[in-house]
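Excluded from the calculations below are hydrogen atoms, water molecules and symmetry mates; all remaining heavy atoms, backbone and side chain alike, are included. Computed from a prediction, not measured in an experiment: that's the story for all the values here.
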Amino acid sequence: MSTTTTVEVQPTEAIQYLSSSSLPHAKEWIPPKPTEEEVEWADILTVDLSLYDTDKQQLIDTVQTALERDGFFYVVGHGIPQEILKRQFAVGQLTFDEVPREEKEEHRAQIAEKGSFMGYKLQNYWEIKDGVRDRIEHYNFYQNHIDPTTRHPKALQPFVPEVKSFLEETRQKVLRRILNLIDGVLGLEEGYLWSLHEDVNGRRGDDLLRYMIYDPLTNEESQKTNGVMLNGHTDFNSVSTLVSQPVTALQVLMPDNVWRYVKHKDGALVINIGDQLSFMSGGILRGTMHRVVRPPKDQIHYRRLGVFHFAHFINGIPLDLLPSKKVREEGRVIFQGEIPTTDEWEATRVKSYGTAEFIKGEEYDIEVIAGLQVRHYH
């Protein structure tokens, strides 16, 4: 395996910018108190990126076990300071609390129309179960030229440079190194997967930085949904990064078919792969089901604020098998007919999620996309 690709992990201009005292004011985010309830935690492995230059093979082995077994892992030692992660929650809080409803409506995402999450996804858009609508808002900043500062609500415009600097920081310090480790797992030349996210001509996938907030369900709603606030799903993209936060609500469907909670770790990131990378690996890498449920009793009244980085392949790449001996020998052909491209798959899933007519089941509903059965767990 070639090791010609190097990754800059020293403090960057983005971190220096994000640490600047001249940043616009945002009300401090006060983290909720972690739960003291007894819950069943998922046994998720941890990848310490501070070992990237000294013990890369150990990290590759850990990523391989995590992605072939669970589809999720923690990342620590990533080099992004805790105060910068906390600042992102403050910006997220402002995104929902300091933009008037009328302006949010003006910036509503064209989900059904274009299969796009650009803008606000407002509450009550998705159905959870039996007529209960979601209590979720999210808002998305995109990396590329498709997302000029003027596209955003007035209250958010001063924060656009900061948000995009943070997004670039996560791309370089986390995404790029994780993709290089996955190259090692699949036997690809180091840098191959990164080149599908950003090529030598400067083309990049439409990565987005998402703020997402859950308002609590009522007792009546929770009874109807069995406590589910966001149905079980796989992500639509390549690699997803969640900044760990204290409200215990994220569950992962583990290999023994049991839903278990993801435990909060201060300063950690939670990584999982989405449909597209799973497909291109021939199913070797797991696109794991996950959902959000009502928090334990001592956190049930909290709003749950999240900060996410959703990485995307460059548009127009067919979701065909990667050029890897391991994938050819151990993977399987996913699409029997026409192979969708990266952006086609993303747009189709965005349009239909939580709104399409599914084949109903007791444990999960089924949606058929490009000949595949996509499960939506209750």
Pair [X] + [Y]: basic N to acidic O under 4.0 Å:
X: Asp70; Y: Arg286; answer: no
X: Arg204; Y: Asp199; answer: no
X: Lys56; Y: Glu190; answer: yes
X: Arg87; Y: Glu162; answer: yes
X: Glu28; Y: Lys86; answer: yes

Are [Y] and [X] connected in a single hydrophobic cluster, I mean Ile/Leu/Val/Met/Phe/Trp/Tyr linked by side-chain heavy atoms less than 4.5 Å apart?
X: Val39; Y: Tyr302; value: no
X: Val247; Y: Trp259; value: no
X: Val262; Y: Ile300; value: no

Do the side-chain N and O atoms of [X] and [Y] include a donor-acceptor pair separated by under 3.5 angstrom?
X: Ser238; Y: His312; result: no
X: His152; Y: Tyr139; result: yes
X: Tyr120; Y: Glu105; result: no
X: Thr288; Y: Asn272; result: no
X: Ser244; Y: Lys263; result: no
X: His233; Y: Asn231; result: no
X: Trp345; Y: Asp275; result: yes

How would you list, by chain and number, every residue that makes a side chain to side chain contact (heavy atoms under 4.5 Å, CB included) with [X], sequence neighbours excluded?
X: Gln64; result: Glu68, Val185, Lys326
X: Gln123; result: Arg135, Glu137, Asp215
X: Lys121; result: Ile111, Tyr125, Trp126, Asp134, Ile136, His138
X: Asp256; result: Met254, Val258, Arg260

From CA spacing to verdict: salt bridge (charged side-chain N to carboxylate O under 4.0 Å, His left out), Asp97, Arg303: CA-CA 12 Å; Asp97 293 350; Arg303 304 175 81 197; 3.1 Å; yes
Would a 4.5 Å heavy-atom cut-off, applied to side chains only, mark [X] and [Y] as touching?
X: Phe72; Y: Val270; value: yes
X: Tyr261; Y: Thr35; value: no
X: Ile314; Y: His197; value: no
X: Asn226; Y: Lys129; value: no
X: Val307; Y: Tyr211; value: yes
X: Leu209; Y: Gln88; value: yes
X: Val99; Y: Lys104; value: yes
X: Asp61; Y: Gln58; value: no

Can you confirm if the NZ or CZ of Arg210 lies within 45° of the ring axis of Phe117 and under 6.0 Å from the centre of its six-membered ring? yes
Going through the distances and angles, do Asp343 and Phe313 end up as a side chain to side chain contact (heavy atoms under 4.5 Å, CB included)? CA-CA 8 Å; Asp343 47 317; Phe313 289 115; over 6 Å; no
If you link I, L, V, M, F, W and Y whenever their side-chain heavy atoms are under 4.5 Å apart, who else ends up in the same group as Ile30? none
For a side chain to side chain contact (heavy atoms under 4.5 Å, CB included) check, start with the C-alpha distance between Val76 and Leu49, then their side-chain angles and the critical distance, and finish with the verdict. CA-CA 6 Å; Val76 299; Leu49 286 180; over 6 Å; no
Does the side chain to side chain contact (heavy atoms under 4.5 Å, CB included) test come out yes or no for Leu230 and Tyr214, once each step is laid out? CA-CA 9 Å; Leu230 179 65; Tyr214 294 73; 3.3 Å; yes
Stepwise salt bridge (charged side-chain N to carboxylate O under 4.0 Å, His left out) check, Glu198 with Arg171: CA-CA 10 Å; Glu198 180 172 333; Arg171 281 173 54 83; 2.6 Å; yes
May I have the step-by-step check of side chain to side chain contact (heavy atoms under 4.5 Å, CB included) for Leu319 and Phe335, ending in yes or no? CA-CA 9 Å; Leu319 294 176; Phe335 298 100; 4.0 Å; yes
I'd like to know whether His290 forms a side chain to side chain donor-acceptor pair (under 3.5 Å) with Asp235, so could you lay out the CA-CA distance, the side-chain angles of the two residues, the decisive distance to 0.1 Å, and finally the verdict. CA-CA 9 Å; His290 52 286; Asp235 287 344; 3.1 Å; yes
Should the heavy atoms of other residues, nucleotides or ligands under 6.0 Å from CD of Glu220 be counted, would the total exceed 12? no
Is it the case that atom CD in Gln82 sees more than 12 heavy atoms from other parts of the structure closer than 6.0 Å? yes
Could you state the interatomic distance from [atom1] ([X]) to [atom2] ([Y]), rounded to the nearest 0.5 Å?
X: Ile273; Y: Ser281; atom1: CD1; atom2: OG; result: 5.5 Å
X: Ile271; Y: His78; atom1: CD1; atom2: NE2; result: 9.0 Å
X: Leu45; Y: Phe73; atom1: CG; atom2: CZ; result: 9.5 Å

Evaluate the side chain to side chain donor-acceptor pair (under 3.5 Å) criterion for residues Arg294 and Asn219: first the C-alpha distance (whole Å), next the side-chain angles of each, then the deciding distance (0.1 Å), finally the verdict. CA-CA 10 Å; Arg294 206 178 195 195; Asn219 288 333; 2.7 Å; yes
Mind checking side-chain hydrogen bond (donor to acceptor under 3.5 Å, both in side chains) for Thr170 and listing every partner two or more places apart, or none if nothing turns up? His309
For Pro246 versus Pro32, what's the shortest heavy-atom pair and its separation? CB-O, 3.4 Å
Apply the test side chain to side chain donor-acceptor pair (under 3.5 Å) to residues His145 and Asp147: give CA-CA distance (whole Å), side-chain angles for both, the deciding distance (0.1 Å), then the verdict. CA-CA 5 Å; His145 66 279; Asp147 191 31; over 6 Å; no
